[in-house]
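Below is one structure, written out as structure tokens; the observations come after it.
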Amino acid sequence: RSKNTVTIAGTLINYTASSGYLDLKNDTGKLIAKVFFTYYKKDNGLAAKRPVTFAFNGGPGSSSVWLHMGGLGPRRVELKDDGTATAPPYKVISNEYCWLDKTDIVFIDPVSTGYSEAASGENANQFHGYVEDLQSVGAFIRDFLSRYERWSSPKYLAGESYGTTRAAGLSQFLQDNYRIYFNGIFLISPVLNFGSSDYYIGNDLPRALYIPSYTAAAWYHKKLAPALQSDLQKALKESEAFALGEYAAALLKGTLLSDAEKDKIAEKMSYYTGLDKAYCLQANLRVDENRFYKALRRNDGLTIGRLDARFTGRDIDDAGEFVSFDPSFSNIDGPFTSAIN
């Protein structure tokens with residue numbers, strides 16, 4: 001436990017940082033897991049009236065390091081203005097964007113992520129799965145509220161990626177099982193409908209939804225036509241209209257789409273994504289995201305990032321279908337690992 005300060009919006013905030021383990025036990029009282037957490041509490045604040053937010057990342061299989069050291073916590077990894085990492089040794093600096101001016105924060109590492117682990121002799125698989133995850137994280141929140149006397153506080157959940165699925169499920173699980181009601185939920189990069197990101201054959205929903213993101217990435221890398229390159233917001237508006245209109249309708253037609261219609265859609269798809277028209281036709285108008293990362297700058301011998309499309313990388317060859325690695329993740333992996341340790 002330590003006392004620290006952080007300045008947010010010009011105001012100095014004193015807070016106490018606590019980290020440690022909370023034991024999870026089964027109905028017989030047997031220890032089954034140890035859940036690691038970090039708790040930031042503003043000093044001189046009435047816990048009964050002060051909001052508390054439980055935060056976690058997604059994966060599934062990710063610790064809370066990313067939200068903790070990159071967004072919500074009082075300390076963050078120092079990056080350059082363009083988002084690239086500094087040279088090691090990496091630095092941790094005060095986070096002027098921290099949420100502590102509004103709420104206390106509890107960062108949770110679900111079992112088998114970060115420093116959380118199943119107890120000796122316990123099968124970790126009992127914590128893996130949608131329902132199992134809700135049960136263990138839900139039990140942690142219930143026990144935390146008792147240990148730190150936060151039952152009367154306004155309560156919030158903040159989840160990222162799969163963590164938004166967890167947050168949505170927890171809101172009902174905790175309400176139904178422990179009568180814990182939340183004041184609000186923060187959904188960061190939400191994925192509540194997995195059909196919107198699963199490219200299995202016959203599911204064209206993600207193919208339509210990803211087109212505007214392709215447009216934004218192509219705009220950043222200056223791969224769009226001049227008419228679109230001049231104004232990103234205008235380009236995105238046009239791209240969204242195409243994706244949810246002509247493009248989605250064409251995909252729904254399937255083999256009923258005529259050659260002339262297919263050629264027209266490929267032309268427009270190329271226009272809004274920066275991809276070659278021939279490539280769009282070869283892919284049957286369906287370019288998965290992993291193909292896009294490889295194809296957009298293939299002629300330049302470069303790939304682009306998945307987590308952050310601004311970043312570029314070099315694969316062992318340029319002819320492959322998918323990228324060998326995500327250059328944007330390589331940028332943050334080392335700094336964030338160093339920071340949390």
Side-chain angles (χ1 to χ4, degrees), residues 1-22 35-58 62-110 113-116 140-141 144-145 147-150 152-161 163 167 182-189 307-308 331-341:
R1 179 177 294 183
S2 63
K3 297 284 187 177
N4 296 280
T5 62
V6 62
T7 299
I8 304 172
T11 300
L12 183 70
I13 295 176
N14 296 293
Y15 68 90
T16 299
S18 305
S19 63
Y21 288 97
L22 193 151
V35 177
F36 184 83
F37 67 94
T38 307
Y39 175 32
Y40 294 105
K41 181 179 181 296
K42 181 181 178 182
D43 293 341
N44 303 319
L46 294 176
K49 297 184 182 290
R50 174 93 172 145
V52 59
T53 298
F54 296 93
F56 34 74
N57 280 93
S62 174
S63 71
S64 61
V65 59
W66 311 109
L67 287 178
H68 188 170
M69 302 305 304
L72 312 188
R75 297 286 184 268
R76 65 178 175 88
V77 175
E78 182 181 40
L79 299 173
K80 297 178 182 178
D81 290 342
D82 63 357
T84 56
T86 62
Y90 306 109
K91 295 181 180 178
V92 175
I93 61 176
S94 291
N95 181 18
E96 64 273 35
Y97 308 108
C98 175
W99 286 11
L100 261 179
D101 58 331
K102 299 291 192 299
T103 175
D104 295 337
I105 313 170
V106 183
F107 292 99
I108 305 171
D109 288 350
T113 76
Y115 298 114
S116 298
F140 168 89
I141 292 175
F144 181 93
L145 293 175
R147 175 182 289 189
Y148 290 93
E149 301 180 346
R150 301 305 300 258
S152 59
S153 300
K155 305 170 192 65
Y156 294 85
L157 295 170
E160 180 270 344
S161 189
F182 285 86
N183 297 78
I185 303 177
F186 299 96
L187 303 178
I188 305 165
S189 300
L307 296 176
D308 189 333
N331 178 69
I332 59 176
D333 192 20
F336 277 72
T337 300
S338 174
I340 196 66
N341 277 285

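FYI, the numbering just counts along the sequence from 1.
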Report summary line: Distance col, row S116:OG vs F37:CZ, nearest 0.5 angstrom, shows 10.0 Å
Report summary line: Distance col, row T86:OG1 vs E78:CD, nearest 0.5 angstrom, shows 5.5 Å
**Report entry** Contact check, side chains of I188 and L67, non-hydrogen atoms, under 4.5 Å
**Finding:** yes
Query raised in the report: If you measure from CD1 on I93 to CG on L79, what distance do you get to the nearest 0.5 Å?
Result: 8.0 Å
Query - Gap between atom CD1 of I332 and atom CG of D308 - 0.5 Å precision - result: 8.5 Å
Query raised in the report: Looking at L72, N57, T53, I340, which one forms a side-chain contact (heavy atoms from CB on, under 4.5 Å) with F107?
Result: L72
Query raised in the report: Within the distance-only criterion (no hydrogens, no angle test), does the side chain of S63 pair as donor or acceptor with the backbone N or O of T113 below 3.5 angstrom?
Result: no
Report summary line: Here the pair of heavy atoms bringing A85 nearest to P335 is CB-CG, 3.7 Å
Report task. For R50 and S153, run side-chain hydrogen bond (donor to acceptor under 3.5 Å, both in side chains): C-alpha distance rounded to whole Å, both residues' side-chain angles, the deciding distance at 0.1 Å, then the answer. Result -> CA-CA 6 Å; R50 174 93 172 145; S153 300; over 6 Å; no
Query raised in the report: Taking all atoms of both residues into account, what is the closest heavy-atom pair of I105 and T103, and its distance?
Result: CG1-O, 3.6 Å
Query raised in the report: Just wondering, are more than 12 heavy atoms of other shown residues or ligands nearer than 6.0 Å to OH in Y97?
Result: no
Query raised in the report: Out of curiosity, I13 CD1 to D43 CG, how far, rounded to the nearest 0.5 Å?
Result: 10.5 Å
Requested in this report: Might you confirm whether atom CG of D82 has over 12 heavy atoms from other residues, nucleotides or ligands at distances under 6.0 Å?
Outcome: yes
Query raised in the report: Short question: side chain of N14, backbone of T5 - any donor-acceptor pair under 3.5 Å?
Result: no
Query raised in the report: What are the two closest heavy atoms between P51 and K102, and how far apart are they?
Result: CG-O, 3.6 Å
Query raised in the report: How far apart are the C-alpha atoms of F336 and Y90, what are their side-chain angles, what is the distance that settles it, and do they pass the side-chain contact (heavy atoms from CB on, under 4.5 Å) test?
Result: CA-CA 9 Å; F336 277 72; Y90 306 109; over 6 Å; no
Query raised in the report: Checking ring-ring contact (aromatic ring centres under 6.0 Å, His included) for the pair W99/F186: CA distance, chi angles, key distance, verdict?
Result: CA-CA 12 Å; W99 286 11; F186 299 96; 4.8 Å; yes
Report task. Test side-chain contact (heavy atoms from CB on, under 4.5 Å) on R75 and N4 and set out the steps. Result -> CA-CA 10 Å; R75 297 286 184 268; N4 296 280; 4.1 Å; yes
Report summary line: Closest non-hydrogen contact found for K49 with P154 is O-CD, 3.6 Å
Report summary line: Of all heavy-atom pairs linking L100 and Y40, the shortest is CD2-O, 3.9 Å
Query - Backbone N/O of K42 and side chain of D104: donor-acceptor pair under 3.5 Å - result: yes
Requested in this report: Report the C-alpha distance between F54 and R150 in whole Å, list the side-chain angles of each, state the deciding distance to 0.1 Å, and finish with yes or no for side-chain contact (heavy atoms from CB on, under 4.5 Å).
Outcome: CA-CA 12 Å; F54 296 93; R150 301 305 300 258; 6.0 Å; no
Query raised in the report: Should Y21 and D109 be marked as a side-chain hydrogen bond (donor to acceptor under 3.5 Å, both in side chains) after you check the CA-CA gap, both sets of side-chain angles, and the distance that decides it?
Result: CA-CA 10 Å; Y21 288 97; D109 288 350; over 6 Å; no
Query raised in the report: Which is it for N331 and T84 under the side-chain hydrogen bond (donor to acceptor under 3.5 Å, both in side chains) test, yes or no, and what are the steps along the way?
Result: CA-CA 6 Å; N331 178 69; T84 56; 5.3 Å; no
Report summary line: Taken to the nearest 0.5 Å, the spacing of K41 NZ from Y15 OH works out to 14.0 Å
**Report entry** From CA spacing to verdict: side-chain contact (heavy atoms from CB on, under 4.5 Å), I108, I141
**Finding:** CA-CA 9 Å; I108 305 171; I141 292 175; 4.1 Å; yes
